[in-house]
Colleague: 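Sending over a structure as structure tokens; questions will come in a sec.
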There are 2 protein chains.
Amino acid sequence: MDVRIAYQEMIRRSREIVLLASCAELLAWDEDTYMPPGGVENRARQLAYLAGLQHDRSTDAHLGDVIDELKDRELVRDPLAPEAVNIREMLRSFKRHTRLPRELVEETARVSSLAQHEWAVARQDADFQRFLPWLARIISLNGGTAKLYDALLEDFEPGMTDAGLARLFDELRRELTPLATALTQARRRPNPGVLRRDYPVERQRLFNESVAEAVGFDFNCGRIDATTHPFFSTIGPGDTRLTTRHHPASFGDGVFVTLHEVGHGLYDQGLDPDHAGTPMGDAASLAVHESQARLWENLVGRSRAFWKHFFPRARRTFRTALADVALDPFYFAVNAVEPTFIRVQADEVTYNLHILIRFELERALITEELKPADLPDAWSRAYRHHLGITPANDADGCLQDGHWAAGQFGYFPTYTLGNVYAAQLFAAAERACGSFDEAFARGDFSGLLGWLRAHVHREGMRYPAVRLIEHATGSPPDPRPLVEGLRRKYGELYGI
Amino acid sequence: MDVRIAYQEMIRRSREIVLLASCAELLAWDEDTYMPPGGVENRARQLAYLAGLQHDRSTDAHLGDVIDELKDRELVRDPLAPEAVNIREMLRSFKRHTRLPRELVEETARVSSLAQHEWAVARQDADFQRFLPWLARIISLNGGTAKLYDALLEDFEPGMTDAGLARLFDELRRELTPLATALTQARRRPNPGVLRRDYPVERQRLFNESVAEAVGFDFNCGRIDATTHPFFSTIGPGDTRLTTRHHPASFGDGVFVTLHEVGHGLYDQGLDPDHAGTPMGDAASLAVHESQARLWENLVGRSRAFWKHFFPRARRTFRTALADVALDPFYFAVNAVEPTFIRVQADEVTYNLHILIRFELERALITEELKPADLPDAWSRAYRHHLGITPANDADGCLQDGHWAAGQFGYFPTYTLGNVYAAQLFAAAERACGSFDEAFARGDFSGLLGWLRAHVHREGMRYPAVRLIEHATGSPPDPRPLVEGLRRKYGELYGI
């Protein structure tokens, strides 16, 4: 076969698979935003069917032949050329997909679609028993074939191992537990009560959309909706959607959730459109994706420079709530450190302890050391142990996240990896461009976004995630910038 | 092949095709409601791809073999048994689909998706030139293979011919033109100005949702959104969606558009769920579908009995606007007859003249007697001739409807057939149940809905459309009940 023809055939097939996935992406977005309850059964059938088609395309023997034809040819001589990257990643994806039988893929899609619905109801009613049989089914679908946790990790963060993660979490626990304790006991205290005043939802929505636009989110190619559990979803090129939530008596929730999802959105809006539908035009990994979300949420959104620009606007928008509040107490309030039950509302310091708990529990569920029925007790014990608090019910406990309902075991650790990468990337960007403080204070985020576009977004899957971080920051994954950044920032704030 | 196995195989394939269609249905719904502008190219690719897959499944030779196997067997002995109906309709659909090459189907889906976007922009700017190249392309896709208008009609209303329609329109024109003229010249006049006062959009939305619920629309299995050009869409069992629009200075538009789409929705919500994904669980035809919309919009929604119930609620909801208005002047106002430019806002009497104009123009476009570039002039001439008015721009003229942009030539006549069927069905329901006036005045629509469920909705495609009307009303399609009903109602209102 002519190598150019073979390569074009591979790309055509890649684009077809991605197009099918993009149809499923819209169905899933709609399920979480606008679908009426009665549509749930049909939606599960639709998603299962599309998952089956995608699986067929992804495991087609002819695709395997084409990749085989290409993998030792001159096209892969420079391993960083787009063609070599696409061939490498298509081969990896082909091998991964051919390991799974079609029936399992369809059944997993069907069960997860239904389970997510059951989870949402169970969470609303804080009724773990309702969710239990679904959790058990999903675990058996994930673990039933004696898959190890390493294999699940491989799906989400290729190259990362159970042992590597365990070491990383050990280091973070060793550093962050004493820091969290010291901050909780510090004499200087923020007043987070100012964030829990009357913040009209419609004004929050407008404020947050203006923040999203200011940092660079393109509303011509995206939108923001409201859901109970925020998420982001790229339907396809030119169509990147986020969801957020607004509570009338909480300012912080809406703006930081929005910035988090906007960070995801900026990544996808920055992917190279010329490579759309191929690995070179796709995100490097989940953890790199998460790094973009956490970077905009925390390193930008919880910085003093950011609020130097946005706080006057916030005061104009929420006149009553913020009438008696000045910038510095406000900045301190949005950085209050306190052990809490809900991961997505956790501060930067305790956040990784929430992930550590989930990492330990999901490993135990998959290896069957922990029975699904015993999850609520194990969850409470872990929160008592690591954070010193006990959730009052399962909605604030093991039902708070939808990941397990969606069958995503091995996903949570990517959140902490995201924090680690974010700190490394932000430090590297400031080394290259100088401090962003002045620009942020002027409302100019283009310097940071430009650096991320060049060093992360536009690179697509050119490098495996770990290599991308190394290439962009000069160092392999390393928790020290995260730990040092937190020590410095919170040491100053709390005066310890 | 065992006949039961063959039948089950046919049903499995039918359900697969319908499931694919239901994925495309959501993509199309989203395109018209929430998709950001940047997503338009990818959406066109998605829809073209799914159309191609659907075409492959619909024309699969093995499906043809299975149907062939079944079509002369004992299963079809009773032609009204569900099995016989499904075999008959699958055969018809198979024949129709195998006539069209896959490339044409994909290209049509792709071009229509883009053309609808261009049309929406062109309409907004009243810029026909922008839409012209797209219209020309769509006409060539529809007419290019020397398809006759009969063949296009066959897609939308099987069994209806060009000649039959021309006769029907002749009769309607003969009867309705003098009636419209007489009403326009009558001395007793309504005051439609009371409908053009200040009607806050949010209150309209709540009022119209309460009306939708009262007549039987199930919000657990459906939703209502806002779009410029209202439509309805059934994503699948349990998920029927309508869109409507509200103008802050118009009451009538929102409520009647809503009732129209609700009429469509009630039909789909009344289909037999046990037969979902097969012809027995599908609507009989577009015209029968339209009959349900027009029945609820006009025969229910513009009746005095309906407003006897809802007018007090309307007065409570719109205190300022309706403070000085009583029931009878209000009832007269919602039934004002006046030649206007916009089809979807037309009164019952002139409505069919709008359709007549489109019927004549689209026939001329398809047969190439009319060049696309000459459409605006031809449109203006036709409005002057039939309604005595000339639109000031193309947004109020030939750009007002999206049907041609969507490639739906042969669709418009089903609107008038719908009016004809609606009048026949309503008369038959009242013959069977007695007058509904008292029940409507109490806000009880269950008698009418129950009759329609039994005689139309639950019958699915058991009868070809024309036979369904005959079976339900005792008479073949007949314009007299429509004409007589209009004469009686408007004669009383206008005192002529």
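To find a chain, count down the sequence lines: A is the first, B the second, and so on, and within it residues start at 1. All heavy atoms count here, side chains included; hydrogens, waters and symmetry mates do not.
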Colleague: Sort A/L53 into side chain, backbone, both or neither according to what part of it lies under 4.5 angstrom from a heavy atom of chain B.
Modeller: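 For A/L53, the side chain is the part near chain B, not the backbone.
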
Colleague: Tell me every residue that passes side-chain contact (heavy atoms from CB on, under 4.5 Å) with A/A51, counting only those two or more places apart in sequence or in another chain.
Modeller: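 By the side-chain contact (heavy atoms from CB on, under 4.5 Å) rule, A/A51 matches A/V105, A/A109.
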
Colleague: Please flag which part of B/L50 lies under 4.5 Å from any non-hydrogen atom of chain A: side chain, backbone, both or neither.
Modeller: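 Contact with chain A: side chain only.
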
Colleague: Which residue out of B/G222, B/C221, B/G238 racks up the most heavy-atom pairs below 4.5 Å with chain A?
Modeller: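 Going by pairs under 4.5 Å, I would pick B/G238.
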
Colleague: Of the listed residues (A/A276, A/G39, A/G38), which shares the most heavy-atom pairs with chain B below a 4.5 Å separation?
Modeller: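 Heavy-atom pairs under 4.5 Å are most numerous for A/G38.
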
Colleague: Are there donor-acceptor pairs under 3.5 Å across chain B and chain A? List atom names and distances.
Modeller:
residue	atom	partner	partner atom	Å
B/E16	OE2	A/Y49	OH	2.5
B/S22	O	A/Q46	NE2	3.3
B/S22	OG	A/Q46	NE2	2.6
B/D30	OD1	A/R241	NH1	2.8
B/D30	OD2	A/R241	NH2	2.7
B/Y34	O	A/R223	NH1	3.0
B/G38	N	A/N220	O	2.8
B/G39	N	A/G238	O	3.1
B/Q46	NE2	A/S22	O	3.3
B/Q46	NE2	A/S22	OG	2.6
B/Y49	OH	A/E16	OE2	2.5
B/Y49	OH	A/R57	NE	3.4
B/R57	NE	A/Y49	OH	3.4
B/N220	O	A/G38	N	2.8
B/R223	NH1	A/Y34	O	3.1
B/G238	O	A/G39	N	3.1
B/R241	NH1	A/D30	OD1	2.8
B/R241	NH2	A/D30	OD2	2.7

